[in-house]
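Predicted model, so just to flag it, every value in this text is computed and none were measured. Convention: sequence-line order gives letters A, B, ...; per-chain numbering from 1.
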Number of protein chains: 2
Amino acid sequence: MCNPNEATPAVAAPPAANDLNPANARDPPLSGEDLHFIPPLNFSMVDSGVFRSGFPEFANFSFLQTLGLRSIICLCPEDYPKETQEFLKSNGIRLYQFGIEGYKEPFANIPEDTIREALMVVIDSRNHPVLIHCKRGKHRTGCLVGCLRKLQRWCLSSVFDEYQRFAAAKARVSDQRFMELFDITSLKNYPLSFPCCKRTLIHHK
Amino acid sequence: MCNPNEATPAVAAPPAANDLNPANARDPPLSGEDLHFIPPLNFSMVDSGVFRSGFPEFANFSFLQTLGLRSIICLCPEDYPKETQEFLKSNGIRLYQFGIEGYKEPFANIPEDTIREALMVVIDSRNHPVLIHCKRGKHRTGCLVGCLRKLQRWCLSSVFDEYQRFAAAKARVSDQRFMELFDITSLKNYPLSFPCCKRTLIHHK
């Protein structure tokens, strides 16, 4: 199911301290009137190095560049438009595509194995910063993030509350049932290099 | 307006690599059935080192410990219950209290100077990780985060979209007008040590 784009991940080198000072930039910083960032639909930070959103479009590219993404998890089966493919290539962003068809209730079809495979990509910090997205950032993305929250030991009511914040009027009972039934047992012993999981482990002791 | 609690910030030392491996923990990690974290109402990550939520309660303390907070920005005028004061003290969390009264429309009263002062605390990475909260994490918190987004050069429609995600049916036009009119000019030359602002500056060049 996974179709990793094999372009070498290129992480932007951190700038020297002086580079962060507008006074030292070769070009003067643009004023607020000159540049506004447009995050993708339903964009949010999930945890350190993990973001979520709806389908990224051309208008979002400037904003996405500020995240310094190393990879993107696309949960849609459709190919990207050419301009998006080129954006990924020129920014050294690796694509992990897990094609899950969109659906309408009651024909629920979130495939557990695919979500599990995508979750393995999310919790591997070598892929961070990573953006998870589907079409609207509500259902497929919401289910994957919800399964991550289970792994982070969030209580179910908080997992559902977060899911509903993004899905709003489109929240689905079937998605919430999927998250409730998703079994994290096999992932508990996976090497946890993901910051949020580290925090969880620190607390366990 | 600000009432910083002068307790020395105590940041937990990062654990040695071995400590993160469950096999090396002195006590076996608890199973999923034994421990569930309860994030505060409307909890979310805003950006690296910045979180937002509704009023933190006793049930949330275990979860909050996993964030390793260095400070909390409380936008409510009420004192914390004794158990919360003790939680902050024992975890070395500094409190910045900016008492803004809750209100109901049309009696809007988000004080610009107070939000500006709170924003200075948010963008100072010496205070990170920081949790911003009010009572329900909708209006006062939403306005402060919205002003941060303006500083991060988000377009207004995205600022409002994020505000509405948390305020939901309680979204207020007066809050959105406040964010629209909030003038970030005086903050543009503030030393930007906040990661998201660094990213913005990197992109400017």
task: Please look at V46(B) and chain A and tell me whether the side chain, the backbone, both or neither of the residue comes under 4.5 angstrom of a heavy atom of that chain.
output: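 For V46(B), the backbone is the part near chain A, not the side chain.
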
message: Testing the basics here: between N42(A) and D161(B), what is the closest heavy-atom pair and its distance to 0.1 Å?
response: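 The answer is N-OD2, 4.1 Å.
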
- prompt: Between S44(A) and M45(B), which heavy-atom pair has the shortest distance, and what is it?
  reply: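 The pair with the smallest heavy-atom distance is OG-O, 4.3 Å.
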
message: Show, in sequence, the C-alpha distance, side-chain angles and deciding distance for F37(B) and Q152(A), and conclude whether the side-chain contact (heavy atoms from CB on, under 4.5 Å) test is met.
response: CA-CA 8 Å; F37(B) 292 118; Q152(A) 292 182 293; over 6 Å; no

With rounding to the nearest 0.5 angstrom, report the [atom1] to [atom2] distance, [X] to [Y].
X: I38(B); Y: L156(A); atom1: CD1; atom2: CG; result: 11.5 Å
X: T66(B); Y: W154(A); atom1: OG1; atom2: CH2; result: 9.0 Å
X: F43(A); Y: E162(B); atom1: CZ; atom2: CD; result: 9.0 Å
X: K150(B); Y: H36(A); atom1: NZ; atom2: NE2; result: 7.5 Å

task: Determine whether more than 12 heavy atoms belonging to other residues, nucleotides or ligands lie under 6.0 Å from atom CD of E101(B).
output: no

message: Quick check on R136(B): does its CZ atom have over 12 non-hydrogen neighbours (other residues, nucleotides or ligands) under 6.0 Å away?
response: no

- request: Select, from S157(B), S158(B), C155(B), the one with the greatest count of heavy-atom pairs under 4.5 Å involving chain A.
  value: C155(B)

